[in-house]
Amino acid sequence: MSYYQRHIFFCCNQRDDGRACCADKGAAAMRDYAKGRVKALGLAGKGKLRVNQAGCLDRCEEGPCVVVYPDAVWYTYVDRADIDEILDRHVIGGEIVERLRI
């Protein structure tokens, strides 16, 4: 068994060349929100879920982006409600959130 059941990686990349990047779209704040919500729901820790920051996931133009592993499902999001939906429907409920999928 893996140490964590799932990982959620938030691209928090900052590009300095003017191209789109997730950092400019509030990725770090959404990662922090997701980490707090996962802890509050009792989903964090060994055998459960881990929310991580990632460097460039090379999909910033479609982002901000987040990927859920081992499911390999990529999402974009706009606000906390989208993060809540990903956690509630995908992570807890096992249902892919098609409207946010990239």
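Quick note: numbers below take in every heavy atom, side chains included, and nothing from hydrogens, waters or symmetry partners.
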> With sequence neighbours excluded, what pairs up with D58 under the side-chain hydrogen bond (donor to acceptor under 3.5 Å, both in side chains) test?
Replying inline: none
> Same cluster for L100 and I96 if Ile/Leu/Val/Met/Phe/Trp/Tyr side chains link at under 4.5 Å?
Replying inline: yes
> With sequence neighbours left out, what residues match D17 under side-chain contact (heavy atoms from CB on, under 4.5 Å)?
Replying inline: R15, R19
> What residues form a salt bridge (charged side-chain N to carboxylate O under 4.0 Å, His left out) with R59, not counting sequence neighbours?
Replying inline: E62
> Are side-chain heavy atoms of M30 and Y77 found at a separation under 4.5 Å?
Replying inline: yes
>> Please determine whether residues I102 and V68 belong to a single hydrophobic cluster, defined as Ile, Leu, Val, Met, Phe, Trp and Tyr linked transitively by side-chain heavy-atom distances below 4.5 Å.
In response: no
>> Listing request: all ring pair (Phe, Tyr, Trp, His ring centres under 6.0 Å) pairs with a residue in residues 81-102, at least two apart in sequence or in separate chains.
In response: Y75-H90
> Sub-3.5 Å donor-acceptor pair from the side chain of K48 to the main-chain atoms of G42, do we have one?
Replying inline: yes
> What residue pairs, at least two apart or across chains, pass salt bridge (Lys or Arg N to Asp or Glu O under 4.0 Å) with a residue in residues 22-35?
Replying inline: none
>> Going by side-chain hydrogen bond (donor to acceptor under 3.5 Å, both in side chains), name the residues that satisfy it together with R99, two or more places apart in sequence or in a different chain.
In response: D82, E85
>> Evaluate Y3 against K46 for side chain to side chain contact (heavy atoms under 4.5 Å, CB included), listing each step before the verdict.
In response: CA-CA 6 Å; Y3 191 81; K46 183 179 177 181; 3.7 Å; yes
> Hey, any chance V97 and I83 share a hydrophobic cluster, counting ILVMFWY side chains that come within less than 4.5 Å of each other, even indirectly?
Replying inline: yes
> What closest approach, in Å, do Q14 and C21 show between heavy atoms, and which atom pair accounts for it?
Replying inline: NE2-SG, 3.6 Å
> Sequence neighbours excluded, which residues qualify as salt bridge (charged side-chain N to carboxylate O under 4.0 Å, His left out) partners of D79?
Replying inline: none
>> Using modelled atom types and a 3.5 Å cut-off, is there a donor and acceptor pairing between side-chain atoms of T76 and backbone atoms of P64?
In response: yes
> After noting the C-alpha distance and the side-chain angles of C65 and C60, does the key distance pass the side chain to side chain contact (heavy atoms under 4.5 Å, CB included) rule?
Replying inline: CA-CA 7 Å; C65 64; C60 293; 5.7 Å; no
> Do you reckon L49 sits in the same ILVMFWY cluster as Y4, going by side-chain contacts under 4.5 Å, direct or chained?
Replying inline: no
> Under 4.5 Å between any side-chain heavy atoms of L43 and I92, yes or no?
Replying inline: yes
> Which residues satisfy the side-chain contact (heavy atoms from CB on, under 4.5 Å) test with A29, sequence neighbours excluded?
Replying inline: none
>> Between V38 and L87, is there a side-chain heavy-atom distance shorter than 4.5 Å?
In response: yes
> For D84, what residues pass the side-chain hydrogen bond (donor to acceptor under 3.5 Å, both in side chains) criterion, not counting sequence neighbours?
Replying inline: Y33, R37
What side-chain donor-acceptor pairs closer than 3.5 Å can you find for residues 6-13, not counting sequence neighbours?
| from | atom 1 | to | atom 2 | distance (Å) |
| --- | --- | --- | --- | --- |
| R6 | NE | D71 | OD2 | 2.8 |
| R6 | NH1 | V91 | O | 3.1 |
| R6 | NH2 | D71 | OD2 | 3.3 |

>> Taking the side chain as everything from C-beta on, heavy atoms only, tell me whether V66 gets closer than 4.5 Å to L57.
In response: no
